Amino acid sequence: MNEIVVRDTISVGEIYTILSRRKWQIAITFFAVIATVTAYTLLAPKQYESQMKILVKNERADMIVSAGGGDGSGYHGEVSETEINSEIELLDGINLLQHVVIKCGLEKGDSGVGKIPPQLPIAIERATTRLQHNLTITPVRKANIIQVVYSSRDPRQATAVLRELAESYLEEHLKVHGTPGTYQFFATQAARYQNQLEQAEANLERFRQQNNIVMLAQQKEVMLQKESDSEAALMQADAAEDESAYKIVITSTQLANTPARILTQDRALPNQYSVEHLNSMLADLQNRRTQLLANFRPDDRTVVEVDKEIADTRASLNKATAETASEQSTDVNPVHQSLEIDMAKEQAELAGVKGRRQALISQTKSYREQLMALGNATEEYDDLIRTQKKAEENYLLYAKKAEEARIAESLDRQKIANVAIAEPPTEPHLPSKPKVALNLGLGVLLAGFLSLGIAFGREYLQQANLGAQLNTQAGLTSGYLIGTVEQRSDLEMLTGLPVLAVVTHPGIG
């Protein structure tokens, strides 16, 4: 019965067999690689790296050039990744690098290549490409810092290039983020609007003097109030005039019906004086008749005359005794006097009311005319006020922006920007390349992998060639093959395939 042995791995012995068979090849390859790496490490030109760090910040707000009245600066505290990338692109700009090349004279290194003059554009372009290749710009993770590394064979040149790069970068940053001529523009606009403001104020003052306007709104309000009060007073005067005229009519009627004097005392008195006088006369006449009768006869003419006088006197006495005298006293009527006083007062009041009414009519007319004049001047006055306010707003706006632009330009001249050299470049004293220990370590690893790889590769190719030869020799006898292949390794060498199992032939001990 045939015996089958299954194998899924290569044994250590087989590996040892391959290493033993290829030991000289492995050794030569290993030491050749080590020698090459060592020679390159020792003979390669030394490279010196100088580095600097740039801090990106937002402490200074960028000025926004616009005609708007908003804030003239754009400020946000946190630095975004976009801003850092923008600064990196600015650092790696061709124009900036060409400026550094010219300032540091890096194009002179290409003057010997093809006999190119150092100031030709092709020499500058080659030096710029070499500078860009040797320049490494990377952002520091989780920080607002950009790290710039430049490698050169000359440590002083490396430091000088970074210093010039920093200086040129700050100038380029200020140029890019600034707006040249901003202050001059805003100053010119401010002066222009200042002239407009002065002209508007002069026109407004002239209009005020011509129309006697100090504060139009307050004057209109006061004038309207005065006109309303004057009209109200005029209406009151009209009512007072009508009232006074009516009172005069009533008082005149009452005065006409009221007597000027009234009887104050009425007494009935007898005619005592006349009676006494007549009695005295009668007594005298009787005495005279008696005397005449002593001398004359009763029918004598003288006695008759006396008798007649006595009869007349007695008749008068009887009449005087029968009649009585009356005594009456009168005085000024107070009602009539009061009515006359009231009439005089009302006439005087009527005259005063008429005078006040005429004055109120003239005053109301004057107030109305002034109010109409103020109303007619309102539109032009408002236009002048709007023009003056607009000119003032524009002047203040551009004056403020001019001051902001002046401050921004002063900051630019002082090179105060949102970027700062956090770590200036320093001259290196130790070369950064080649790194001897690292290169030798990597050389050992490379030599080991390469020597083993070549050894196993050649072993694999040899086995593949033997397998191909076996496939072309199909006429060989099995006995010959058995005699040729005595061990498993021989079979693997011939076939180029790993042996998975071993079958023992019955005829082979």
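Bear in mind the structure is a predicted one, so any value in this text is a computation, not a measurement.
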Stepwise side-chain contact (heavy atoms from CB on, under 4.5 Å) test for L339 and M343: CA-CA 6 Å; L339 289 174; M343 175 67 75; over 6 Å; no
Show your reasoning for whether side chain to side chain donor-acceptor pair (under 3.5 Å) applies to Q225 and D229. CA-CA 6 Å; Q225 184 65 36; D229 295 342; 3.1 Å; yes
Could you walk me through whether L135 and L97 satisfy the side-chain contact (heavy atoms from CB on, under 4.5 Å) test, starting with their C-alpha distance in whole Å, then the side-chain angles of each, then the deciding distance to 0.1 Å, before giving a yes or no? CA-CA 10 Å; L135 191 66; L97 296 181; 3.9 Å; yes
E241 and R356: salt bridge (charged side-chain N to carboxylate O under 4.0 Å, His left out), yes or no, with the steps? CA-CA 10 Å; E241 183 180 4; R356 184 168 72 253; over 6 Å; no
Please walk me through it: do K354 and E349 pass side-chain contact (heavy atoms from CB on, under 4.5 Å)? CA-CA 8 Å; K354 287 183 177 180; E349 183 178 356; over 6 Å; no
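Proximity of a side-chain donor or acceptor of S366 to a complementary backbone N or O of S362 within less than 3.5 Å is not detected. Proximity of a side-chain donor or acceptor of Q236 to a complementary backbone N or O of E231 within less than 3.5 Å is not detected. Between the side chain of D92 and the backbone N or O of I88, no donor-acceptor pair lies under 3.5 Å. A distance-only check finds no donor-acceptor pair linking the side chain of S338 to the backbone of P334 [under 3.5 Å]. Although no hydrogens or angles enter the test, the distance criterion places no donor-acceptor pair under 3.5 Å between the side chain of S230 and the main chain of K226. D300 contributes a side-chain N or O that, together with a main-chain N or O of T302, makes up a donor-acceptor pair within less than 3.5 Å. Q219 contributes a side-chain N or O that, together with a main-chain N or O of M215, makes up a donor-acceptor pair within less than 3.5 Å.
For A402 against A187, the heavy-atom pair with the smallest separation is CB-N, 3.8 Å. Heavy atoms only, all atoms of each residue included: R208 and Y381 are closest at NH2-OH, 3.0 Å. Between L106 and R130, the closest heavy-atom pair is O-NH2, 3.2 Å. The two residues A245 and L350 have their closest heavy-atom pair at N-CD1, 4.2 Å. Heavy atoms only, all atoms of each residue included: P424 and M52 are closest at C-CB, 4.1 Å. Summarising the geometry of L96 relative to Y169, their closest heavy-atom pair is CD1-N, 3.8 Å, with the distance given to 0.1 Å.
The environment of Y193 atom OH is dense: over 12 non-hydrogen atoms of other residues, nucleotides or ligands sit within 6.0 angstrom. The 12-atom threshold is not exceeded at CZ of R156, counting heavy atoms of other residues, nucleotides or ligands nearer than 6.0 Å. A 6.0 Å sphere centred on CD of E198 holds more than 12 heavy atoms belonging to other residues, nucleotides or ligands.
One distance of note links CD1 of I54 with CG of N144; it measures 13.0 Å at 0.5 Å rounding. Taking SG of C104 as the reference point, atom NE2 of H99 lies at 9.0 Å (rounded to 0.5 Å).
With respect to K103 and E164, no salt bridge is recorded, no charged nitrogen being found less than 4.0 Å from a carboxylate O. In summary, R163 and E167 do not engage in a salt bridge, as defined by a charged side-chain N under 4.0 Å from a carboxylate O. At a threshold of 4.0 Å, the pair E243-K247 counts as salt-bridged, since one of the basic side-chain nitrogens sits closer than that to a carboxylate oxygen.
Between the side chains of Y395 and R192, no donor N or O sits under 3.5 Å from an acceptor N or O. No side-chain donor from either of N85 and E89 sits under 3.5 Å from a side-chain acceptor of the other. For T364 and E227, the side-chain atoms include no donor-acceptor pair closer than 3.5 Å. For the residue pair N287/Q291, the side-chain donor-acceptor check at 3.5 Å is not satisfied. With 3.5 Å as the limit, one finds no donor-acceptor pair spanning the side chains of S168 and E172.
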